Amino acid sequence: MTLWLEAFNTDFWYAIVGAVLLVLALGAFITSRQLIKKLLAFNIMGSGVFLIMVGLAQYQHGPDSVPQALVLTGIVVAVAATALALVLIRKFVLKGGQP
Amino acid sequence: MIPLLLIIPLVFALLSVLLPRLPIKAIAIPGLVLQLIASIQLSVHTYKHGASDYALGSWEAPLGIALHANGFTVTLLTLTAFIAIVCAVYALIYLKRYEHEQRYFWPLFWFLLASLNGIWLSGDLFNLYVGLELLTFSAVGMVALTANKASLQAAIRYLFAALLGSLGYLAGVALLYGQYGTLSIQEIALISTSDAPTQVALALMTVGLLMKTAIFPLHYWLPPAHGGALAPVSALLSALVVKASFYILAVLWLQLAPDAISPAAAQVLGALGAGAILWGSWCAFRQPDIKMLVAYSTVAQLGYLMFVFPLSIGTSAAAAELAWQGTVLHLLAHAFAKAAMFLSVGTLVLAIGHQGIKDLAGVSHRVPLALFSFGLSAVSLMGLPPSGGFNAKWLLLQSALSSGQWWWFIFILGGGLLTAAYVFRVFSVSFIEEARHKFAPTHWLLDVSALTLAAAAILLGFVSQWPLTLMELVPGVQS
């Protein structure tokens with residue numbers, strides 16, 4: 001058992017945790033009806049993908065600057081998406097929509 | 001020439017955001033002409049010298065952004081520039097009634113063009129992701145322009161569907177990078193194998209992109225978003241935006257890792273396309289609202305694009321080439337015809353003041369040109385000769401026959417009949433003499449722009465050889 005665990009280094013665990021986060025958040029995204037909850041689930045899914053991206057690449061190829069640059073860009077995109085979604089949801093609720 | 005196609009729309013986008021006092025409407029048209037000239041020049045260059053690459057700011061990949069122009073991408077660039085210019089002329093007149101929306105329309109419009117051009121030109125997987133996201137943001141913004149409850153709901157639904165789709169795509173990119181240590185499509189194409197991580201990555205990316213392309217049964221977000229938006233926005237969304245994610249899907253399946261894909265998976269995608277044709281046409285047939293009818297027609301027509309996979313994976317080279325040519329022609333013809341259809345429907349709705357199909361009574365007398373453009377675009381959508389749509393379906397049929405897949409033959413032919421069924425609902429009402437409503441006069445430029453696009457869809461039937469000749473210059477794609 002311990003031998004099997006040692007074959008996985010920290011980077012691989014990042015990827016595994018990322019995958020778990022991704023699946024859990026995807027479940028929450030699909031099942032929840034509230035828009036804000038969906039948005040939170042989307043953000044957690046994003047974090048899961050970023051963990052996979054960095055963890056898997058470092059596990060396979062050692063320390064690597066490219067996935068870190070990608071994740072940085074990805075975070076910016078996710079922040080922009082969250083901001084846009086929040087504005088739309090706020091306007092929608094102000095017009096009498098169900099949050 | 002390549003960077004100009006990103007710089008022009010970005011400069012105009014920034015100008016429209018930062019200096020709203022400038023006559024942003026007036027400068028849009030010269031800007032679009034510049035963009036059209038740049039894309040035509042790039043096409044000529046590609047025709048003479050073949051595909052070309054460009055490293056942005058002399059930063060080489062992987063940290064820099066590599067741009068790549070081949071025969072397929074320059075065709076799409078020119079298509080984008082042409083449709084954009086016609087939609088812009090239409091929007092200049094149409095948006096006069098929407099003073100508030102107008103201020104936000106133009107910056108979003110330019111950002112939309114910049115992200116489309118970015119996607120067509122991008123040579124690596126991650127830039128495609130960024131392009132997809134930027135495209136989503138501007139498209140969602142344009143859907144939400146009128147900011148009433150229905151359009152905001154449609155925009156939120158669209159945004160969530162698109163975000164989910166791009167995360168699926170990004171997860172696939174993460175797996176591919178982990179596997180191959182590069183993001184360049186050309187490099188991965190050389191070394192790709194059919195191992196498990198590659199297949200999982202492709203599956204994730206495919207589902208994500210199907211969601212963004214609104215392929216049945218993941219199309220639920222498209223009709224309210226496309227049917228509820230302002231006419232020029234609907235035209236841009238249906239003609240161009242959904243094609244961007246299809247383009248990426250086609251690149252993945254046919255160019256990036258053709259070995260990793262089993263013919264069975266390709267058949268599944270074909271079945272989804274067939275489902276889209278049946279379900280989209282049925283829903284279009286049942287819509288009481290004309291804009292929703294056109295939106296569901298988009299769902300149906302997107303189904304044809306999926307046939308490229310079963311017809312070109314695991315079949316002979318000749319069948320694959322026919323399928324690819326037919327699909328490209330269908331993409332172009334649908335872009336022209338659907339943009340024309342949304343614009344002409346916008347004019348009709350403007351003239352009548354109502355969106356119901358039964359309200360169309362009498363339009364054949366009062367708004368004949370708009371109805372004529374609608375009819376011309378319908379000819380191409382139905383696939384009647386002579387039109388771009390006919391040539392596209394003809395090539396697809398030939399490919400289905402030569403690869404012995406008669407079941408797709410039925411759907412390709414049947415789809416045309418179904419299209420005729422829902423389009424003739426509109427005609428049967430519009431030739432009723434007695435009008436139900438008073439007609440408002442419409443500007444002649446609205447008619448001219450819709451007619452230009454509809455004529456382009458028909459003319460494509462005569463000059464289909466042009467895009468196909470350019471297409472042959474694509475390296476790596478089935479030939």
Side-chain angles (χ1 to χ4, degrees), chain A residues 11-12 15 18-19 22-23 25-26 29-30 32 35 38-39 41-62 64-71 73-74 76-78 80-99, chain B residues 59 61-65 108 124-127 129-134 136-141 143-144 146-184 197 200-201 204 207-208:
Chain A
D11 289 323
F12 196 75
L22 180 63
V23 172
L26 178 65
F29 186 92
I30 292 170
S32 68
L35 295 174
K38 269 188 190 289
L39 188 60
F42 159 74
N43 272 284
I44 296 171
M45 275 166 70
S47 309
V49 173
F50 298 150
L51 272 176
I52 298 177
M53 195 166 240
V54 174
L56 202 62
Q58 295 202 351
Y59 171 69
Q60 306 264 30
H61 314 289
D64 188 345
S65 58
V66 173
Q68 300 189 2
L70 300 186
V71 167
T73 316
V76 174
V77 171
T82 310
L84 178 61
L86 283 175
V87 170
L88 289 177
I89 293 172
R90 182 167 172 274
K91 283 265 182 192
F92 180 59
V93 174
L94 286 178
K95 302 268 171 174
Q98 204 62 36
Chain B
W59 284 76
L63 281 179
I65 294 172
L108 287 170
D124 85 61
L125 293 169
F126 191 76
N127 287 336
Y129 164 74
V130 175
L132 270 179
E133 289 290 51
L134 294 179
T136 300
F137 295 165
S138 29
V140 168
V143 169
T146 45
N148 54 36
K149 195 175 158 191
S151 69
L152 285 168
Q153 188 167 23
I156 292 172
R157 212 193 248 202
Y158 180 13
L159 179 63
F160 276 144
L163 288 178
L164 197 58
S166 13
L167 271 188
Y169 176 81
L170 188 64
V173 173
L175 290 180
L176 284 181
Y177 186 80
Q179 194 66 9
Y180 299 110
T182 173
L183 291 162
S184 157
V200 173
L204 283 169
V207 174

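Convention: sequence-line order gives letters A, B, ...; per-chain numbering from 1. Remember, it's a predicted structure, so these values are computed and weren't measured experimentally.
For the atom pair B/Ile156 CD1 and A/Lys91 NZ, the distance stands at 12.0 Å (nearest 0.5 Å). With rounding to the nearest 0.5 Å, the separation of CG in A/Leu88 from CZ in B/Phe160 is 9.0 Å. Rounded to the nearest 0.5 angstrom, B/Leu167 CG and A/Leu22 CG are separated by 7.5 Å. Within the model, atoms CZ of A/Phe29 and CG of B/Leu163 stand 7.0 Å from one another, a figure rounded to the nearest 0.5 Å. In this structure, B/Gln153 CD and A/Leu35 CG are separated by 8.5 Å, a value rounded to the nearest 0.5 Å. Taking CD1 of A/Ile52 as the start and CG of B/Leu170 as the end, the distance is 9.0 Å to the nearest 0.5 Å.
Interface remark: A/Phe92 contributes backbone and side-chain atoms alike to the contact with chain B (heavy atom separation under 4.5 Å). If you measure heavy-atom distances from A/Ala80 to chain B, the contacts under 4.5 Å come from both the backbone and the side chain. Of the two parts of B/Leu175, the backbone and the side chain both hold a non-hydrogen atom closer than 4.5 Å to a non-hydrogen atom of chain A. Both the backbone and the side chain of A/Leu39 come within less than 4.5 Å of a heavy atom of chain B.
Within the 4.5 Å cutoff, the side chain of B/Gln179 has no heavy atoms near those of the A/Leu56 side chain. B/Leu183 has its side chain within reach of A/Val66: a pair of non-hydrogen atoms, C-beta onward, lies under 4.5 Å apart. Put simply, the side chain of B/Tyr129 does not reach to within 4.5 Å of the side chain of A/Leu70, judged on heavy atoms. With contacts defined as side-chain heavy-atom distances shorter than 4.5 Å, the pair B/Leu164/A/Met45 qualifies.
Considering only heavy-atom pairs separated by less than 4.5 Å from chain A, the leading option among B/Ala147, B/Gly141, B/Ala144 is B/Ala147.
Closest approach of A/Gly74 and B/Phe126 over heavy atoms only: N-CZ, 4.2 Å. Pairing each heavy atom of B/Lys149 with each of A/Gly96, the nearest pair is NZ-O, 3.5 Å. When all heavy atoms of B/Gly178 and A/Gln60 are compared, the pair lying nearest together is O-CG, 3.1 Å.
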